[in-house]
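Lettering of chains follows the sequences in order, A, B, ..., and the numbering in each one begins at 1.
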Amino acid sequence: MRRYGYFPGCSLMVTNRAYSISATRVARELGVELAEVSDWNCCGATAYLALSEAKAFVMSARNLALAEAEGHDTLVAACSGCYVVLRKTGKYLDEKPAVRSRVTKALAAGDMTYNRTVKVRHLLDVLVNDCGEEGVRARVKKPLEGLKVAAYYGCQVGRPFGEADDPEFPVTMDRLMGWLGATTVDFPVRAACCGGLTMTTEPDLGMEMTGRILRVARERGADCIATACPLCQINLEAYQDKIGRKLGTDLRMPVVYFTQLMGRAFGLSSQEVMAQDSLTDVSAVLA
Amino acid sequence: MSTNERIGVYICHCGSNIAQTVDCGALTEYAKTLPGVVVAKEYKYMCSDPGQDLIKKDVAENKLTRVVVSSCSPLMHEETFRTAVEDAGLNRFLFQMSNIREQVSWVHKDKVKATEKAKKLLRAAANRVLHQRPLERREVPVMPEVVVVGGGIAGIEAALRLADAGKKVHLVEKEPTIGGHMARFDKTFPTLDCAACILTPKMVSVGQHPNINLMVCSEVEEVSGYTGNFKVKVRKKATCVDNEKCVGCGVCWEKCPAKKISSEFEEGLANRTAIYIPFPQAVPKRPVIDRDNCIYFKTGKCKVCEKFCDRKAIDFEQKDEVVELTVGAVIAATGFETLDPRELPRYGYGRFDNVLSPLEFERMTNASGPTAGKVLLKDGTAPKSVAILHCIGSRDEKHLKHCSRVCCMYSLKFAHLVEEKTHAEITNFYIDIRAFGKGYEEFYHRLLKEGVTFVRGKAAEVTDVVEAPEEQGKLVVVAEDTLLGKVRRVPVDMVVLSTGLRARSDAGHMAHVLGISRSADGFFLERHPKLGPVDTPTEGIYLAGACQGPKDIPDSVAQGAAAAACALSLIVRGRVVLEPVTAEIDEKKCAGCKLCIANCPYSAIEYDEGKKVSVVIEALCKGCGTCVATCPSGAARQKNFEDAQISSEIVGILASM
Ligand SMILES: Cc1cc2nc3c(=O)[nH]c(=O)nc-3n(C[C@H](O)[C@H](O)[C@H](O)COP(=O)(O)OP(=O)(O)OC[C@H]3O[C@@H](n4cnc5c(N)ncnc54)[C@H](O)[C@@H]3O)c2cc1C
Ligand code: SF4
Ligand code: SF4
């Protein structure tokens with residue numbers, strides 16, 4: 001069994017636990033153990049990063065140090081926000097001596113060290129690229145035949161790092177859906193930003209951005225949108241009625257994590273992939 | 001250390017350059033205390049004629065056997081003093097220089113410490129000079145012929161210049177015709193003259209020139225030898241046509257039944273036959289058979305071309321031929337590639353019908369191209385609006401970091417051609433307009449007057465997502481207009497992607513064959529970015545055109561002519577002096593392990609199968625010392641950098657005063 005350090009991140013503990021639970025479950029099906037790093041803390045995203053980068057780096061570095069101490073060479077993040085902050089921290093520690101010395105000092109205060117040996121990767125990248133077409137196809141018991149998926153990546157899977165796929169026009173998830181027996185619709189907004197936290201700070205803007213993704217998915221004839229990030233997921237599923245009312249159109253659309261679709265194709269029950277947590281009507285998709 | 005040698009030491013003031021920081025008097029007195037020194041003098045300008053005369057006079061009068069000069073960097077005047085020593089009757093290598101200007105007076109302030117350092121450097125030189133040995137320089141003749149690799153405009157220019165000077169040139173071209181990229185254009189910026197009208201006559205001259213041996217479908221496989229004496233192995237691929245017998249009548253390609261083969265020359269916008277010439281003005285006008293697509297080669301039946309060729313020129317049995325040439329110089333003119341727009345899927349190339357690459361657009365606007373020069377959409381109608389996106393892949397950290405230089409200008413040319421041919425609404429999306437050449441800015445202004453719209457902002461994507469009714473059925477270019485500070489969406493019928501220029505994908509292989517290096521951008525590396533833009537570190541190998549970096553036609557032609565001049569200057573000289581500062585391998589110590597052969601960057605070491613030892617080919621050795629460092633048996637030795645010479649120098653610097 002392949003073993004990776006796993007960083008669930010705060011949102012996956014409660015609101016988006018369906019993502020974490022389905023991810024760990026399908027990973028196990030694929031012979032991959034996502035070993036949660038013990039005593040992890042917030043990655044430092046959002047407010048920290050915006051207000052005091054240094055604090056965010058220290059928080060992320062602590063997680064990297066914990067993963068390193070547990071012997072992991074890879075830390076897998078399921079949330080795209082966590083992925084970007086952790087990855088950025090790793091990069092800055094490698095390239096910027098000033099950041100490195102500051103972080104080293106902060107970690108030392110907690111009797112910790114970090115030798116920069118941990119590579120940060122996104123869950124989507126790991127499950128698709130490390131397990132590969134054969135590995136995934138071999139697990140498929142109930143192919144998702146006839147299902148038309150809008151594979152939605154959001155921005156941070158690819159940007160700024162773009163290490164595993166084209167940053168502007170990724171295809172990783174499209175490939176995966178093909179292996180699961182589904183088809184993906186031509187979805188030009190695949191890597192557009194969902195609006196992120198603007199949904200709360202600048203709701204008009206946030207609704208415009210999320211609304212566009214929902215609208216295009218419907219226009220392109222998708223049965224559902226698949227996501228790879230808890231924030232994208234929340235924006236797309238929780239606000240669709242409100243945005244629809246505002247724009248005067250019906251924007252309803254099942255929104256699921258890509259891991260939930262994997263689970264269904266692998267023959268897991270809708271219960272096992274946590275369909276019950278969905279805020280949209282996913283009965284046709286995860287049944 | 002006692003010695004029979006008689007050393008003369010000369011300390012230069014360099015005006016006040018050295019004297020104001022180094023106590024030259026004290027240094028001279030110190031020199032007199034060093035072993036073997038019989039004369040020590042200081043002088044205001046050692047490099048001047050009176051300065052050099054001092055040395056010459058002392059050699060004669062004081063019977064000096066070795067000379068040391070403490071002055072500037074050897075890069076500056078080593079040659080001057082070596083020549084003076086030689087004129088005085090000593091071997092030029094019985095001389096050593098110590099640098100007390102760049103390494104002392106220019107970088108220190110404290111006169112006492114500076115003088116101490118100057119003393120140590122002087123002592124090092126005086127120690128070393130005792131171990132120097134006389135070395136002889138060799139002259140070798142230069143072969144009078146030249147190979148030009150690549151028959152684009154740069155290679156054509158170089159070949160014609162050399163041939164016109166009466167020199168024999170072998171022009172090696174990979175494709176079935178010469179002409180390179182330029183042969184595919186309709187018009188050329190900034191003057192819009194017709195590319196064919198200015199290029200074809202040159203191509204014809206190449207084909208007919210008695211001094212040019214044109215080899216198409218050919219590649220250079222190996223270059224060995226040294227300056228003035230390169231052996232170049234060229235593989236002439238079998239074309240299945242005997243070019244001596246063929247008259248280019250064209251019956252074969254008219255009759256060939258394999259007609260649906262996508263034409264490389266037309267960027268796949270038109271088809272060709274299996275036996276073909278790339279375009280009607282090809283030089284040489286001789287067809288070639290594309291074996292992969294020829295019905296006879298695939299099924300064993302057909303031979304229609306053979307039946308119709310009354311010249312009996314078709315030869316299905318033809319084999320590749322390997323020719324070995326001996327030449328004095330090699331000019332690399334292998335050109336460039338355009339970036340494949342599929343690498344940037346956000347711009348929709350390959351997903352949307354009417355998103356074009358620049359070469360596709362060139363062919364489309366070409367009067368003899370697939371649409372006879374009409375700008376047409378896939379459905380055969382003329383576009384009402386066209387967007388031209390600059391800098392696709394260029395100036396982009398993730399793709400090509402460099403500016404490709406010509407894309408702004410060819411984009412302007414495209415805009416003009418669209419305007420002339422269709423009256424469509426044209427929008428150019430740019431980061432900066434780089435109209436750097438003669439007449440280029442004027443051309444830009446002409447375009448502004450022609451009513452072309454320029455949006456300052458790099459296109460972010462080309463999409464078919466409809467946000468407003470006027471976008472229905474269109475391609476929408478999304479860009480941040482940085483002058484307005486707004487995101488703009490411009491719906492159009494056609495998009496042309498001005499992709500950047502990159503090094504050819506086989507440039508690494510070619511560089512290896514030629515023994516030259518590449519810069520970080522992948523293009524061939526010149527000897528000096530300013531003062532040696534045509535040379536490479538290997539004398540006798542020159543660069544021309546876009547293989548050295550993105551370039552327009554005028555610059556490619558200029559460099560082609562310059563490379564020809566460099567090659568001529570070498571050939572006309574007739575002889576080259578080979579510096580004796582090379583490696584040598586002691587036969588007795590060599591274990592024949594061949595490590596040095598594997599590591600020599602200049603392929604200058606051979607293995608003598610008879611004696612089972614490695615042997616340095618003196619003419620090829622650049623004296624880099626790699627073999628000396630590599631050799632586990634201490635058999636490799638570098639002349640003028642022998643162990644005793646170097647260690648005595650080190651002792652001179654490190655020993656206490
Ligand atoms: C779309 C476009 C439009 C342009 N328009 C203009 C314009 O209007 N005006 C202008 O001034 N410039 C223009 N340029 C730039 C122009 O194309 C170049 O300046 C010019 O082609 C450079 O000439 P070259 O001979 O160095 O290279 P190339 O034209 O690339 O020719 C190189 C030749 O070497 C051959 N070759 C390559 N490798 C080997 C090998 N290993 N062995 C043997 N042969 C080999 C190739 O087959 C080719 O024939 C344009 C460029 C592009 C991309
Ligand atoms: S038919 Fe014969 S002579 Fe005529 S072009 Fe073809 S090969 Fe040459
Ligand atoms: S053998 Fe037939 S297919 Fe091949 S080149 Fe000749 S005519 Fe064309």
Side-chain angles (χ1 to χ4, degrees), chain A residues 87-88 91 95 150-175 183-195 198 202 204-205 207-222 225 243 247-249 251 253, chain B residues 339-355 357 387 389-401 429 431 457-480 485-492 495 497 499-500:
Chain A
R87 179 70 192 83
K88 181 175 179 179
K91 185 177 164 73
E95 293 172 6
Y152 175 65
Y153 301 78
C155 33
Q156 297 188 319
V157 170
R159 294 189 298 272
F161 298 110
E163 286 171 327
D165 202 345
D166 188 274
E168 311 279 346
F169 204 86
V171 294
T172 311
M173 206 196 299
D174 292 72
R175 284 165 55 217
T183 52
T184 52
V185 298
D186 171 31
F187 197 50
V189 295
R190 60 183 63 215
C193 174
C194 67
T198 58
E202 293 273 348
D204 285 345
L205 179 61
M207 286 201 264
E208 184 187 326
M209 295 173 82
T210 295
R212 198 159 78 99
I213 293 156
L214 292 165
R215 193 195 80 221
V216 175
R218 284 178 66 104
E219 277 171 11
R220 303 285 158 144
I225 297 177
I243 305 170
L247 301 179
T249 46
L251 290 178
M253 164 71 61
Chain B
L339 180 115
D340 182 351
R342 282 182 195 84
E343 288 176 31
L344 293 121
R346 57 182 165 279
Y347 298 114
Y349 183 84
R351 290 191 288 127
F352 301 127
D353 277 343
N354 295 307
V355 176
S357 78
L389 316 189
H390 295 216
C391 282
I392 300 304
S394 300
R395 306 175 70 192
D396 180 335
E397 291 232 352
K398 293 222 151 64
H399 298 274
L400 309 172
K401 289 206 176 112
F429 292 84
I431 307 179
K458 182 166 173 180
E461 63 170 336
V462 175
T463 179
D464 61 349
V465 170
V466 175
E467 295 289 351
E470 66 272 19
E471 293 177 3
Q472 200 64 51
K474 300 273 183 180
L475 295 168
V476 182
V477 180
V478 185
E480 181 189 349
K486 281 218 159 69
V487 172
R488 284 178 58 170
R489 298 176 59 89
V490 179
V492 294
V495 173
L497 301 178
T499 50

Please check this pair: side chain of D340(B) against backbone of E343(B), looking for a donor-acceptor N/O pair closer than 3.5 Å.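 Not at all, since once roles are kept as given, no pair shorter than 3.5 Å links the two residues.
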Quick one: pull up CG in L475(B) and CD in E461(B) and give me the separation to the nearest 0.5 Å.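 Answer for the CG-CD pair, L475(B) versus E461(B), is 11.5 Å.
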Under 4.0 Å between a side-chain nitrogen and a carboxylate oxygen: does that hold for K474(B) and E470(B)? no
If I measure from the heavy atoms of chain B, does R220(A) come under 4.5 Å with its side chain, its backbone, both, or neither? side chain
Check each atom of P170(A) against the heavy atoms of chain B and say whether the ones under 4.5 Å are side chain, backbone, both or neither.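 Contact with chain B involves no heavy atom of P170(A) at all.
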Around E208(A), counting heavy atoms of other residues, nucleotides and ligands shown, do more than 12 lie under 6.0 Å from its CD?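 No - once you tally the heavy atoms of other residues, nucleotides and ligands closer than 6.0 Å, there are 12 at most.
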What residue, out of V466(B), L344(B), D464(B), has the most heavy-atom pairs lying under 4.5 Å from chain A? D464(B)
